[in-house]
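A quick write-up on the structure given underneath.
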Protein chains: 2
Amino acid sequence: MTRYSKQTRVLVAVDCIIFGFDGEHLKLLLIQRGFEPEKNKWSLMGGFIEPHEGPEAAASRILKQLTGLEGVYMEQMHVFGEPKRDPIERTLSITYFAFIDVHKYEKQLSEEYHAEWFHLKDVPKLIFDHNEMVEMAREKLRYKAALHPILFELLPEKFTIPQIQTLYENVYDTVLDKRNFSRKLLSTGLLIRQDEKDKENSKKGAYFYKLDPGIYKDKFQSFLNFIPNPQALSA
Amino acid sequence: MTRYSKQTRVLVAVDCIIFGFDGEHLKLLLIQRGFEPEKNKWSLMGGFIEPHEGPEAAASRILKQLTGLEGVYMEQMHVFGEPKRDPIERTLSITYFAFIDVHKYEKQLSEEYHAEWFHLKDVPKLIFDHNEMVEMAREKLRYKAALHPILFELLPEKFTIPQIQTLYENVYDTVLDKRNFSRKLLSTGLLIRQDEKDKENSKKGAYFYKLDPGIYKDKFQSFLNFIPNPQALSA
DNA sequence: GGTATTCGTGTCTAAATAACACTTATTTAT
DNA sequence: ATAAATAAGTGTTATTTAGACACGAATACC
């Protein structure tokens with residue numbers, strides 16, 4: 001026996017919801033699809049999974065293709081598999097959301113794919129069920145970021161507290177009190193203050209911080225309530 | 001153009017991680033696989049996705065096959081897709097975790113599949129990567145249950161506070177203070193006390209409670225911290 | 001030197017959490 | 001009938017955490 005003979009086989013794609021933060025707004029990287037069907041329509045970056053790679057590897061490959069980056073923070077989100085979602089042929093899509101530092105990605109690659117960053121309030125109509133994917137990714141982003149320090153993945157290695165606060169304010173579409181915000185953030189012990197200051201964005205200058213890699217790893221799954229000592233939970 | 005001609009197609013299965021609570025322990029429903037490869041080995045309940053159904057529909061169908069139940073609480077967990085995970089032929093598995101009330105399920109069906117409930121500490125070696133799936137499901141269960149009132153899905157319609165507490169203690173392998181636990185639980189407003197008492201498990205008897213369906217729906221996505229008013233988050 | 005801008009910090013109040021022990025209802029045994 | 005055993009139910013206090021709130025410091029520009 002070498003095949004489950006009677007069963008049907010389907011195509012499997014990977015689609016990536018790529019978030020970035022330019023210092024002002026949270027943005028989404030979209031491409032203009034280069035092939036039929038729906039050629040030239042806006043779409044998430046994606047591709048078919050290849051015979052010898054797993055879904056994670058496919059997602060990494062696709063992210064690298066578009067951004068030139070490796071080791072990007074990335075997480076499997078959800079599988080979309082309604083039979084008619086792709087009108088040509090049944091295709092399953094495994095979605096990943098990814099966070100990149102917009103300053104690091106290679107612009108020339110994005111030209112090749114006709115990629116553009118979109119403000120989340122101006123996301124155009126996308127092919128297939130991609131708008132639904134984006135919406136789910138936004139929700140998941142908000143959910144996770146409320147509990148875990150993932151938004152640092154959107155920032156450069158050195159960042160200032162006002163920058164992170166702007167990012168949180170963007171994600172939650174709200175205004176935060178900077179005294180309470182910085183106190184909470186610093187109390188996690190995640191941040192190491194640098195001597196250098198960022199003079200770009202203010203006259204006084206704001207201290208740069210870096211993440212403490214050990215504590216970052218440890219605390220990645222922390223926070224929470226309901227259970228007194230919830231040790232060892234993970235997403 | 002009717003096919004993405006050059007791409008390879010793969011089999012897609014759905015596997016269910018089914019949890020139940022017998023009043024004492026949290027348990028897992030496993031079957032003895034009825035076909036090759038790995039016939040007669042312990043396995044999660046699963047099946048191939050059919051041409052005209054989506055993944056959710058497939059999971060519902062499979063759950064119904066084994067338990068006789070419909071409308072079971074169920075959630076997509078993760079896709080496992082390493083190329084070699086099934087030695088016969090590449091097969092993607094979309095996993096769902098599900099919670100059932102053990103008292104409701106139909107035993108004769110489980111005989112047909114040679115199903116048995118296993119204590120989570122005695123899970124046998126399973127086929128392929130199913131042990132990994134179980135482990136991930138346990139983690140996700142602990143994660144979600146710390147934030148959202150999902151464990152009620154494991155209980156019958158009427159339940160007592162000592163019962164829920166035992167369930168939480170089981171899930172987190174810890175001992176909770178009953179005064180603090182019941183205060184926190186009751187403060188959610190989720191529970192409606194019945195006049196009737198459960199006399200099975202104690203001499204004094206414990207009041208039965210039911211969920212308030214409206215509040216249950218509203219509060220399903222509540223809790224959380226980090227962001228002052230995290231309104232409208234979802235899993 | 002004055003003004004405008006943004007950074008950085010401290011206090012007080014309210015709410016939530018965690019630790020802790022006794023009384024009540026009922027059954028069973030003496 | 002009385003006593004003993006068992007599990008249910010409830011209240012207080014101390015500590016911690018969260019949220020509201022305002023001013024001084026550094027610097028660039030005029």
Side-chain angles (χ1 to χ4, degrees), chain A residues 23-24 145-147 149 155 158-170 172 174-210 219 222-231 233, chain B residues 23-24 145-147 149 155 158-170 172 174-210 219 222-231 233:
Chain A
E24 291 251 348
L147 298 169
L155 294 169
K158 290 189 300 189
F159 48 82
T160 68
I161 292 185
Q163 275 170 19
I164 318 174
Q165 183 171 343
T166 304
L167 176 51
Y168 273 90
E169 289 179 338
N170 236 276
Y172 293 98
T174 187
V175 175
L176 300 169
D177 181 276
K178 67 176 175 175
R179 291 159 291 187
N180 294 336
F181 182 78
S182 78
R183 175 156 19 92
K184 187 176 283 191
L185 204 55
L186 293 171
S187 75
T188 62
L190 288 167
L191 303 188
I192 302 170
R193 192 165 94 175
Q194 308 301 113
D195 293 329
E196 197 188 349
K197 281 187 163 188
D198 166 35
K199 299 274 196 171
E200 299 266 307
N201 299 300
S202 77
K203 294 166 182 176
K204 183 177 174 182
Y207 281 108
F208 278 118
Y209 287 81
K210 283 187 183 178
K219 295 225 170 167
S222 60
F223 308 1
L224 313 178
N225 46 356
F226 209 17
I227 297 296
N229 284 304
Q231 77 273 345
L233 299 173
Chain B
E24 291 251 348
L147 298 169
L155 294 169
K158 290 189 301 189
F159 49 81
T160 68
I161 291 185
Q163 276 170 20
I164 318 175
Q165 185 172 339
T166 303
L167 175 52
Y168 272 90
E169 290 179 338
N170 237 277
Y172 294 97
T174 188
V175 175
L176 300 169
D177 181 277
K178 67 178 173 175
R179 293 160 289 188
N180 294 337
F181 183 79
S182 79
R183 178 156 13 93
K184 187 176 281 190
L185 204 54
L186 293 170
S187 75
T188 61
L190 288 167
L191 303 188
I192 303 169
R193 192 164 94 174
Q194 309 301 113
D195 294 331
E196 198 188 348
K197 280 187 164 187
D198 166 35
K199 298 276 197 170
E200 299 266 307
N201 299 302
S202 78
K203 294 165 183 178
K204 183 176 176 182
Y207 282 108
F208 278 117
Y209 287 82
K210 284 187 182 177
K219 295 225 171 169
S222 59
F223 309 3
L224 314 177
N225 44 358
F226 210 21
I227 295 297
N229 285 303
Q231 77 272 344
L233 300 172

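Below, all heavy atoms of this structure are taken into account, side chains as well, without hydrogens, waters or symmetry copies. Chain A is the first sequence line, chain B the second, and so forth, proteins listed ahead of strands; every chain is numbered from 1.
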_Without decimals, in angstroms, what is the distance between A:Glu200 CD and C:dT6 P?_
15 Å
*Partners meeting side chain to side chain donor-acceptor pair (under 3.5 Å) with A:Asp198 (sequence neighbours left out)*: A:Asn201
_Rounding to an integer number of Å, can you tell me how far A:Asn180 CG sits from C:dA14 C1'?_
13 Å
*Mind calculating the distance between CZ (A:Arg183) and C1' (D:dA18) to the nearest angstrom?*
8 Å
*Can you list the residues that meet the side chain to side chain contact (heavy atoms under 4.5 Å, CB included) rule with B:Arg193, with sequence neighbours excluded?*
B:Tyr207, B:Tyr209
*Taking only residues two or more places apart in sequence, or in another chain, which ones meet B:Gln163 in a side chain to side chain donor-acceptor pair (under 3.5 Å)?*
none
*Would you mind reading off the bend of the helix from C:dG1-D:dC30 to C:dT30-D:dA1 from its two end axes, five pairs each, to 10 degrees?*
10°
_Can you measure A:Gln165 atom CD to C:dT6 atom P for me and round it to whole angstrom units?_
13 Å
*Which residues satisfy the salt bridge (Lys or Arg N to Asp or Glu O under 4.0 Å) test with B:Lys197, sequence neighbours excluded?*
none
_If you only use heavy atoms from C-beta on, which nucleotide in C:dT17, C:dT9, D:dA20 is closest to the side chain of A:Lys178?_
C:dT9
*Which residues satisfy the side chain to side chain donor-acceptor pair (under 3.5 Å) test with A:Lys158, sequence neighbours excluded?*
A:Glu196
*To the nearest angstrom, how far is A:Asp177 atom CG from C:dG8 atom P?*
15 Å
*asked:* Ignoring hydrogens and geometry beyond distance, is the side chain of B:Arg179 in donor-acceptor contact with the base of C:dA21 at under 3.5 Å?
replied: yes
_Testing the basics here: between B:Pro149 and B:Leu190, what is the closest heavy-atom pair and its distance to 0.1 Å?_
CB-CD1, 3.9 Å
*Would you kindly give the CZ-to-P distance between A:Phe181 and C:dC7, to the nearest whole Å?*
13 Å
*asked:* Under the rule for salt bridge (Lys or Arg N to Asp or Glu O under 4.0 Å), what residues qualify as partners of A:Arg179, not counting sequence neighbours?
replied: A:Asp177
*asked:* Could you work out, with side chain to side chain donor-acceptor pair (under 3.5 Å) as the rule, every residue matching B:Glu169, not counting sequence neighbours?
replied: B:Gln165
*Which one, D:dG9, D:dT10, C:dG8, comes nearest to the side chain of A:Pro162?*
C:dG8
*Round to the nearest Å and state the distance from B:Leu186 atom CG to D:dT10 atom C1'.*
11 Å
*Determine the minimum heavy-atom distance between B:Ser182 and B:Ile161, stating which atoms define it.*
CB-CG2, 3.9 Å
*Taking atom C1' of D:dA8 as reference, at what distance in whole Å does atom CG of B:Asn201 sit?*
12 Å
*Could you run through nucleotides 25-30 of chain C and give me one letter per nucleotide, 5' to 3': B if any protein heavy atom sits under 4.0 Å from the base, S if only the sugar-phosphate is that close, - if neither?*
BBS---
